[in-house]
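Read the structure below first, then the notes.
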Amino acid sequence: MASTRKFQLPFDRNEAAITWRVVKSSPMTLAGAVIAVAFVVLAIADVVTRDAILPYNPYALTTQLLRPPSLAHPLGTDDLGRDVLSRVLAAAPIDAEVAFSVVGVAMALGLLTGGLAGYRGGLTEEVIMRVTDIFLSFPGIVLALAIVAALGPSTLHSIFALVPVWWPTYTRLARAETLSVKSQQFIDSSRAVGQRPSYIIGHHIFPNIFPTLLVYATLDIGNVILTYSILSFIGLGAQVPTPEWGLLTVQGESYLRSYPWIPIAPALAILVVAVGFSLLGDGLRDALDPKVRGTFG
Amino acid sequence: MGEAQTLPAAGGGEAVGFADAVLTIKGLVVKYNTFRGELTALGGVDLNVRRSRIIAIVGESGCGKSTLGLSIIRLLPVPPARVAGGEIQFAGKNLVELPESQMTRLRGTGLSMIFQEPLSSLDPVYTVGDQLAETIRVRDERLGKPSYGPFRVTPAPEESHRTASRLLGARLPRPRVNRKYPDEAIKALREVQISDPELVATKYPHELSGGMAQRVMIATALLEKPSLLIADEPTSALDVTTQAQVLELMRELRDEIGASVLFITHDLAVAAQIADEVVVMYAGEIVEHAETGQLFSNPMHPYTEGLLQSFPRKFKDEEKLKAIPGDVPDLRFPPPGCKFHPRCTYAFDRCRVELPLAKEVSPGHRVACFLRQ
């Protein structure tokens, strides 16, 4: 008894170990975690080694045109003789960059503005929410197109264009969550203790609404990649020789009947990453919930 | 304070001096704007709370008990509610007019409140120890003490860092390992009769029982050392045995740190057990205010009488419990004159037109009823 008690003592519980146990407990979450980690590791490794880890140079043209999948080219080659697998893998960094920056910045902005609007109420809320309404009143794609067209096509500009489209959703979500957290008694309790509003927002509101936003963000990663691919398709995102999943898919589209591996491989990559992150998101919500963690601690 | 009068035997001195008053409320009027019209939740409340006294505020649901408590600490939901008049004197300041920033400084140092549902009063994402440490941090900040230094236990790492490390699953500095809650927090938990406080400090609120959570809330109050604690039905959600423990703790709070407690309850038995004085409220007004023994042995106001008759007493089975006839008046359209007259068996003509004001009928016993004047 004494020894088990000792184990539970505050000072030597390992949070990471608990997280791992929660994630491990569900095969779906585990799958999501594997996909997400693989995606991130691949993206970083590819940038660091400058494409050296890829089986072929993703830009090199060869005479092996439109070859079906084989041992030499597991996903075949495209109309210019480039290895499809290498091109799909080489697209990971650029898609990771766009997806994480857009979702990350949108989430940070949403958390701040939404938390503030929900907690302060009154004029602050009115102003912030009407501004989100203005942004939401544009069709997202049109707004992004307008911005990126004005700035000129590039990956960075695509991020600049997508963030204004993305943040209002997070603000609305954060505000709604804040309203429900705010009505709970521990906020009143905290005020009764004499906490300043800034502290309450930072230390009571944010930690309580963060899991919800995080889950939404992981579901959203796939959406960002898809929208970015639309920008690329129109010619305002990634530029032609650059491997990018959306661009690869739309470029290969005309070969769907005759040489299906060319469009399907990058499309599958989008699908796998999107599904992987949403599975991970579900698991993370559990992992962040003290109630669930308790049963694994 | 400051007077030569010391305070050992709390409430020993009978002189109701204003110098002794922790809180003085004069003519407090609180109104709520509802969709169907404005209602007067508090219609001119006068109350004087002395040092080291436990004052029970009793009354039916909707009589304004909680509104009174919340308006003192200024946690009323402000858009529907508004203070329409009167003043609340506390620590030499009129709380009604105090700017919010100063009010924030006052809450938790001089003035504190605990709520009815202990489990929802604790933030679900922090451990008990974290929340107590937070209270200590706020208090020390107010007192001008630095929250770091060679003689202080390092403050617990911020939640955001832990969240980040959880997400990364990093082996990095192992957040919980060097984590220690301030000794004072552990001590406060021990003081509220929590066995194994080191373990309880690491628990999240959902792992506690209602009684434990309420004791944690009281531990918070102990740490703040307020001169006035407003307790809004702190025992209503608890079973009888934990109720008794919590009441005992309240009494210790009074005796050890000389705090006054405004104990809001609808349970007369609880009031009788804990309070030094009892305030009876009806329809937003104080109808009777007396020493506990006085009030229970010699109720002066017909409403108090009715309340006592509707409450079971020890094994007196010859009497049937009597309910007070009628219903609480709609506060949007209160009856003219005494608000209790439609339900009062003694009502006469004057009651229907004129509002009786509270008068001191015997030392320390104030009643708002024409029968006694």
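On a predicted model such as this, the values are computed, not experimentally measured, just so you know. Residue numbering restarts at 1 for every chain, and letters A, B, ... go by the order of the sequence lines.
- Atom CG of Leu75(B) is separated from atom CD1 of Ile187(A) by 12.0 Å, given to the nearest 0.5 angstrom.
- Taking the ring centroids of Tyr126(B) and His203(A), they lie at or beyond the 6.0 Å cut-off.
- Chosen from Val138(B), Leu223(B), Leu106(B), the residue pairing most often with chain A at heavy-atom distances under 4.5 Å is Val138(B).
- Proximity to chain A (any heavy atom under 4.5 Å) is restricted, for Leu122(B), to the backbone atoms N, CA, C and O.
- Met103(B) does not touch chain A: none of its heavy atoms, backbone or side chain, sits under 4.5 Å away.
- Between Glu117(B) and Phe186(A), the closest side-chain pair of non-hydrogen atoms is not below 4.5 Å.
- Around the CZ atom of Arg130(A), the shell of radius 6.0 Å holds more than 12 heavy atoms that belong to other residues, nucleotides or ligands.
- In the model, Ser120(B) has no side-chain atom that pairs as donor or acceptor with a side-chain atom of Gln184(A) under 3.5 Å.
- When heavy atoms are compared at a cutoff of 4.5 Å, Leu111(B) approaches chain A solely by way of its backbone atoms N, CA, C and O.
- Taking 4.5 Å as the heavy-atom cut-off, the residues of residues 188-197 of chain A that approach chain B are Asp188(A), Ser189(A), Ser190(A), Arg191(A), Ala192(A), Val193(A), Gly194(A), Gln195(A), Arg196(A), ordered by number.
- Contacts between Gln131(B) and chain A at a heavy-atom distance below 4.5 Å are absent for every atom of the residue.
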